[in-house]
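My questions will all concern the structure given below.
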Amino acid sequence: MTDLTTVLETSHRLLDGPPTEARLHELIDGVPHVAPEELEPWVSAQLAQARPPVDLAGLGVLTGLIDLTSLAPDDTPERVRDLVARAVRPAGETADAVALPPTAAVCLHADFVAPARQALDAADAPVALAAVAGGFPHGRSPLAAKVAEVRHAIDCGADEIDIVIDRGALVSGRLADVHAWVFDARRLVERGDGSRALLKVILETGELPSYDLMLAGAFLALLGGADFVKTSTGKGRRGATPEAAAVLLQAVAHWEAETGQPRGVKIAGGVRTVDQAAGYVRLARTLLGDDAISPARLRFGASGLLDDVVRRLDPLR
Ligand SMILES: O=C[C@H](O)COP(=O)(O)O
């Protein structure tokens, strides 16, 4: 895991100084441009070669990449406990339960971290607790409120924090503001005992007008210390698309080439079927390599994907 000093040193090296507006613009201008006329046919060709998993092992790998999510306005502590039980034992209390591993994480609103922590600790299973925080889904709360929400989630025991970028700042070219909020959040996920939570940064790609802006936002998030860049909140007009995921994967590949630091991509919003997920896995494998097909590098933030995984167990029982 990259520590805060490394984040600062890497940023200083790439920018050749502090994160001023001018230096950030220069850096982002140097990130390879995404041409839609090349990206879109390339993505289609990749998707045509995707092979959905058909056996228990393959479905298990996919399960282990899921951040099982509930971000409904009418969530309750009871629903949160059910979600945790499902994440821990995705196939339920049957003999097949051994066939599927736990999901990578559960992902919840920040006010449900405490009951989820309790349930996860009681289950003693390797499932991380992720919370959306910082004015999710729009990020338009005052900074003090965003800070307090992230801290609350950390203090209640979150292992991972999903924040949204300042999209207005990105779209209007205020790159220093985009970077500053990510870096603030990166500092906030540090705990008093020297450990820290993971930071995932949501671009809300479905609301961004160009692939270049997605790439710029993702690269700024990585520069600010994001462990993962994430496509969507699931609350926008459009969730993840294979093209947006490919752009974020390219940003992570470029980051790794420049810094030697591996980072991850979380694909979220509207991923409901194993076939869809297989397309994204294909893109990740092609752009980041086989080793990236692990929860340290690839996640699916999804409320319904696990249902399809479990459905596909039926013929195998
Ligand atoms: O971060 C996760 C998303 O909110 C999940 O979206 P979904 O309900 O479309 O799967």
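Counting convention: from 1, in listed order, for ligands and their atoms alike.
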Checklist line | Passing candidate, salt bridge (charged side-chain N to carboxylate O under 4.0 Å, His left out) with D227, options R297, R196, K200, K266 | finding: R196

Notebook entry, point to check: Is a side-chain N or O of E204 found less than 3.5 angstrom from the main chain of T233, in a donor-acceptor match?
Noted result: yes

Check: Hey, does the side chain of D121 reach the backbone of Q118 with a donor-acceptor pair shorter than 3.5 angstrom?
Finding: no

Margin query: Can you tell me if R191 has over 12 outside heavy atoms packed within less than 6.0 Å of its CZ?
Written below: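 More than 12 heavy atoms, drawn from other residues, nucleotides or ligands, come within 6.0 Å of this atom.
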
Checklist line | Residues that Q261 engages under side chain to side chain donor-acceptor pair (under 3.5 Å), provided they are two or more places apart | finding: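 Residues passing side chain to side chain donor-acceptor pair (under 3.5 Å) with Q261: T10, W255, R263.
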
Next item on the list: Hey, can you tell me if H254 and F219 have their rings parallel, tilted or perpendicular (30° and 60° cut-offs)?
Entry: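 Tilted.
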
Next item on the list: Enumerate the protein residues lying less than 4.0 Å from ligand 1, judged by heavy-atom distances, in chain and residue-number order.
Entry: T69, L71, K230, T233, G234, A268, G269, G270, R272, G301, A302, S303

